[in-house]
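From a predicted model like this one, the values you see are computed outputs, not experimental measurements. For the numbers below, each heavy atom of this structure counts, side chains included, while hydrogens, waters and symmetry mates do not. So you know, we letter chains A, B, ... as the sequences are listed, proteins then strands, and number each from 1.
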There are 2 protein chains.
Amino acid sequence: MKNQNHANKKVTENVQKISEYDILKLDNQLCFSLYVCSKEIIRKYKPLLDPYGLTYTGYIILLALWEKDDITVKDLGRKLYLDSGTLTPMLKKLEALDFIKRTRGSKDERTVYIKLTKKGYEFKEEAKHIPEKMVCSLELDPKHGKEMLVSLHKMMDTFSSTELGE
Amino acid sequence: MKNQNHANKKVTENVQKISEYDILKLDNQLCFSLYVCSKEIIRKYKPLLDPYGLTYTGYIILLALWEKDDITVKDLGRKLYLDSGTLTPMLKKLEALDFIKRTRGSKDERTVYIKLTKKGYEFKEEAKHIPEKMVCSLELDPKHGKEMLVSLHKMMDTFSSTELGE
DNA sequence: TTAAATTAAATTGTAAACAATATAAATATT
DNA sequence: AATATTTATATTGTTTACAATTTAATTTAA
């Protein structure tokens with residue numbers, strides 16, 4: 001008990017005075033660390049994707065298509081949180097690289113369907129090794145990684161319900 | 001026991017077959033959710049920062065300066081994970097808005113020191129309300145938020161040690 | 001059935017970010 | 001001291017991303 005008291009006192013001494021401005025400190029800002037981590041991880045992807053002529057954005061488009069092929073630009077945008085202003089040029093590039101094919105819907109001429117080509121489909125086999133390499137280079141504790149995923153997905157749910165709502 | 005067996009069987013039926021490709025699913029990719037969350041949160045900052053002529057990047061530069069004023073471009077870049085290609089034009093803009101002042105070091109003419117102006121310093125008072133509003137709009141469980149911060153900072157440490165190392 | 005409103009994708013213009021390079025100052029080497 | 005190397009910032013060119021607008025097709029309302 002005595003000991004505990006003593007310990008507490010020590011802590012109190014060392015503890016920094018909590019200011020009303022603490023909320024403005026970079027280290028306390030979730031968005032800043034999300035922003036830095038995503039940028040830096042995407043930078044780490046670069047050397048792994050470069051050999052295939054892919055950028056991170058091209059890569060996540062393929063990830064989406066491997067889960068569900070033959071999807072409209074709109075649905076792709078909903079899945080990836082990207083709009084046509086970003087997707088249209090990106091998809092043209094992926095088509096030029098022969099990963100995908102874009103075709104106007106016959107029933108509704110406004111929609112454009114995105115389909116994987118043979119090359120695009122088969123690239124999945126090669127791509128399996130990309131996340132493996134990334135996990136290594138991040139030296140991330142898998143348990144914390146999973147917890148983070150859960151929290152981030154909760155957050156993402158609030159985004160889609162407010163803005164891109166259905 | 002019998003019951004449990006039965007339950008297990010049911011679960012096994014419902015459970016999706018785990019494939020070697022699961023690692024490629026968007027929902028399992030940490031980077032993708034970091035990327036989406038940071039983008040979407042930054043989007044939420046926009047209406048809060050617009051009235052002051054600030055972008056998110058300008059805002060985090062001010063956050064850094066409120067913690068430590070009179071800092072070189074290099075140190076600012078280290079803190080914010082940004083390079084001079086991004087910072088130089090950004091800092092010129094902040095100077096034009098009279099938030100900061102840029103002055104060449106007298107001892108070492110290569111360095112540029114960034115100092116808050118009166119307006120820049122006083123804006124801190126106003127800015128206090130920005131993160132408060134953000135936290136609300138994110139409806140984030142504070143406990144999960146803190147856990148996430150810890151994990152993200154661990155990750156950030158690995159970035160700086162490898163690339164920008166000192 | 002025509003006019004108005006909505007929708008999907010494309011386009012245009014702009015800002016952020018980075019890679020690569022340039023410039024100029026400081027430091028190290030010979 | 002003169003040259004080479006390193007360092008800090010600036011510049012240039014390119015890509016990603018988004019907001020805002022346009023175009024064309026579809027749906028709704030009159």
Quick one: look up who C/dA4 pairs with, Watson-Crick or G-U, both distances under 3.5 Å, and put none if it's unpaired.
D/dT27
Between [N] and [X], is there an OP1 or OP2 to side-chain N/O distance shorter than 4.0 Å?
X	N	result
B/Thr86	C/dA16	no
B/Lys93	C/dA15	no
A/Lys39	C/dC18	yes
B/Thr88	D/dA10	yes
A/Thr111	C/dT7	no
B/Arg104	C/dA25	no
A/Arg102	C/dA10	yes
B/Tyr35	D/dA17	yes
B/Arg43	D/dA19	yes

Spacing between [X] atom [atom1] and [N] atom [atom2], to the nearest angstrom:
X	N	atom1	atom2	answer
B/Tyr56	C/dA16	OH	P	14 Å
B/Asp75	D/dT9	CG	C1'	13 Å
A/Leu82	C/dA8	CG	C1'	16 Å
B/Lys44	D/dA19	NZ	C1'	17 Å
A/Lys74	D/dT26	NZ	P	17 Å
B/Ile71	D/dT9	CD1	P	10 Å
A/Asp83	D/dC18	CG	P	6 Å
B/Arg110	D/dA8	CZ	P	6 Å

Salt bridge or not for B/Glu109 and B/Arg104, using N-O below 4.0 Å?
no
Please identify which of these residues, A/Lys124, A/Lys128, A/Glu125, meets the side chain to side chain donor-acceptor pair (under 3.5 Å) condition with B/Tyr21.
A/Glu125
Could you check whether A/Tyr35 and B/Tyr56 have their ring centres less than 6.0 Å apart?
yes
Which residue lies toward the 5' end of DNA chain C, A/Lys92 or A/Asp108, if each is placed at its nearest nucleotide?
A/Asp108
Want to settle it: does B/Met90 or A/Thr72 sit nearer the 5' end of DNA chain C, counting the closest nucleotide to each?
A/Thr72
Between B/Tyr113 and B/Met90, is there a shared hydrophobic cluster once you connect ILVMFWY residues whose side-chain heavy atoms come closer than 4.5 Å?
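In one cluster: no.
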Assign each of A/Thr55 and B/Val112 to its nearest nucleotide of DNA chain D by heavy atoms, then name whichever residue's nucleotide is nearer the 5' end.
B/Val112
For A/Gly58 and for A/Lys107, find the nucleotide of DNA chain D with the closest heavy atom, then tell me which residue's nucleotide is more 5'.
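This one resolves to A/Gly58.
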With sugar-phosphate meaning primed atoms plus P, OP1 and OP2, does B/Ser84 contact a base, only sugar-phosphate, or nothing at under 4.0 Å between heavy atoms?
base
Between B/Val112 and B/Thr72, is there a side-chain heavy-atom distance shorter than 4.5 Å?
no
Kindly confirm or rule out a cation-pi arrangement of A/Lys39 over B/Tyr81, judged by NZ or CZ under 6.0 Å from the six-membered ring centre and within 45° of its axis?
no
